[in-house]
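Contents: one structure, followed by commentary.
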Amino acid sequence: MALFAERFELEPSSRPRDGYNIAPGGPVTVIVGESDGAARAEQFHWGLIPAWAKSAETRYKMINARIETVDEKPAYRGLLEGHRCLIPADGFFEWQPQPEGPKQPWWFQLADAELFSFAGLWTTWQPAPDVEPVHSCTMLTCEANDVVSPVHHRMPVVLKRASETRWLDPAVGAAAALTLAADCANDQLTARPVSRAVNSTRNTGPECVAAPNDDATGGPATALF
DNA sequence: CCAGACGTTGTT
DNA sequence: GTCTGG
DNA sequence: CCAGACGTTGTT
DNA sequence: GTCTGG
């Protein structure tokens, strides 16, 4: 908390949340820009609910936005202008299908576990005038690079640190923002396999990034029969 | 004009 | 809300 | 993303 | 198989 509060010079009212098992469809901490250039942390729903949605049913579907098409898709393209956010993290998981049995989760980080930001978009959904608005977000993805592709064919866009301020800046247009996202820090990532503890969102602690078979929550190392 | 979509991932 | 398809 | 539910009636 | 919940 202290790290990213300092890094993003968050306003005192910010109420960030962290955890080792931030899952789609749940709350996630995002950083949004203020008109005066300040930044604020909020908890948004991970899974975009467009402003025009009649129900919240997309909230488990629109968890990602492909960078290749984000400026074309009706649900996303308007958000590239003025509705960008940072989603701070120090790593992410991808699941690797196995020839047999359950998928193997992998944990990806920058060197020295340095803090970074995913490139996100956000919006507000208010189904009726007299109910509380719901803020939600989605995360840009791109084709997996050499580090991630053995595990999974897509990966989140990790912004270069120098791009973060401009990503939040409303004065930066959609085209320029897309350029920032394309020129990302994904080639700095490292990978290691982890316990299957992360597969259950009931596990929210450091056991999620423990080495495989080095914990009591990841299930048996081998099948019983 | 109105109706209907609006998304990604993974699997087959 | 806005765009595409019919 | 993965895990877990997926149903109604009647009884306590 | 498909949807909801975390």
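Here is the naming used below: chain letters follow the sequence lines, and residue numbers restart at 1 for every chain.
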*Take atom C1' in dG4(B) and the same atom in dT9(D), then report the distance between them in whole Å.*
40 Å

*Looking only at side-chain atoms of P97(A), point me to the closest of dT11(B), dG5(E), dG7(B).*
dT11(B)

*Whole-Å distance separating the CD1 atom of I63(A) from the P atom of dT8(B)*: 11 Å

*Would you mind reading off the distance between E81(A) atom CD and dT2(C) atom C1', rounded to a whole angstrom?*
16 Å

*What distance, rounded to whole Å, do you find between the two P atoms, one in dT8(B) and one in dG5(E)?*
23 Å

_Taking any heavy-atom pair under 4.0 Å as a contact, classify G25(A): base, sugar-phosphate, or nothing._
base

_Just the rounded figure in Å: distance from C1' of dT11(B) to NE2 of H153(A)._
10 Å

*asked:* Taking R154(A) first and then E143(A), would you say they form a salt bridge - that is, a charged N and a carboxylate O separated by under 4.0 Å?
replied: no

*Looking only at atom C1', what distance separates dC6(B) and dG6(E), rounded to whole Å?*
26 Å

_Are there over 12 heavy-atom neighbours, none belonging to E9(A), within less than 6.0 Å of that residue's CD?_
no

*Just call it for K61(A): base, sugar-phosphate, or nothing, with non-hydrogen atoms closer than 4.0 Å on any strand.*
base

*Between dA3(D), dC1(D), dT8(B), which nucleotide gets closest to the side-chain atoms of T69(A)?*
dT8(B)

*Gap in Å between the two P atoms, one belonging to dA5(B) and one to dC3(E), rounded*: 15 Å

_Touch class at under 4.0 angstrom, heavy-atom based, for T138(A) against every strand present_ = nothing

*asked:* Counting only side-chain heavy atoms from C-beta out, which of dT9(B), dC1(D), dG7(B) sits nearest to P24(A)?
replied: dC1(D)

*Given atom CZ of R154(A) and atom C1' of dT8(B), what is their separation to the nearest angstrom?*
9 Å

*Y60(A) side-chain N/O to dG5(E) phosphate OP1/OP2 under 4.0 Å*: yes

*Check whether any side-chain nitrogen or oxygen of R59(A) sits under 4.0 Å from OP1 or OP2 of dG5(E), and answer yes or no.*
yes

*Could you tell me the separation between the CZ atom of R77(A) and the P atom of dG7(B), rounded to a whole number of Å?*
8 Å

*asked:* Any side-chain to backbone donor/acceptor pair from D90(A) onto A113(A)? Under 3.5 Å, distance only.
replied: no

*Identify whether any heavy atom of F93(A) sits under 4.0 Å from a base atom; if not, whether one sits that close to sugar-phosphate; answer base, sugar-phosphate or nothing.*
nothing

*At under 4.0 Å between heavy atoms, what does W95(A) touch on the DNA or RNA strands: base, sugar-phosphate, or nothing?*
sugar-phosphate

*What does T141(A) touch in the nucleic acid at a heavy-atom separation under 4.0 angstrom: a base, only the sugar-phosphate, or nothing?*
sugar-phosphate

*Do we see a donor-acceptor contact under 3.5 Å between the side chains of H135(A) and T124(A)?*
yes

*For the residue pair V158(A) and F118(A), establish whether any side-chain heavy-atom pair is separated by less than 4.5 Å.*
yes

*Whole-Å gap separating P (dT4(C)) and NZ (K73(A))*: 12 Å

_Distance-only side-chain donor-acceptor flag, W106(A) / Q96(A), under 3.5 Å_ = yes

*Among side-chain atoms of Q43(A) and T29(A), is any donor-acceptor pair under 3.5 angstrom?*
no

*For K54(A) and dG4(B), what is the distance between atoms NZ and P respectively, to the nearest whole Å?*
10 Å

*For the side chain of K103(A), starting at C-beta, report the closest nucleotide among dG1(C), dC2(D), dG7(B).*
dC2(D)

*asked:* Students often get this wrong, so: under 4.0 angstrom with heavy atoms, is A23(A) touching a base, only sugar-phosphate, or nothing?
replied: base

_My validator wants the stems of DNA chain B: runs of 3 or more consecutive Watson-Crick or G-U pairs, both distances under 3.5 Å, written as range with range._
B:1-6 with C:1-6

_Lys/Arg N to Asp/Glu carboxylate O, R40(A) vs E42(A), below 4.0 Å_ = yes

_Atom-pair distance (CH2 on W125(A); P on dG1(C)), nearest Å_ = 15 Å

*What's the closest nucleotide to the N199(A) side chain, out of dG4(D), dT8(B), dA3(D)?*
dA3(D)

*Going from NZ on K103(A) to CZ on F93(A), what distance comes out if it is rounded to the nearest 0.5 angstrom?*
15.0 Å

_Please classify the nucleic acid contact of A53(A) as base, sugar-phosphate, or nothing, using heavy-atom distances under 4.0 Å._
nothing

*Mind checking the C1' distance from dA3(B) to dG7(D)? Whole angstroms is fine.*
35 Å

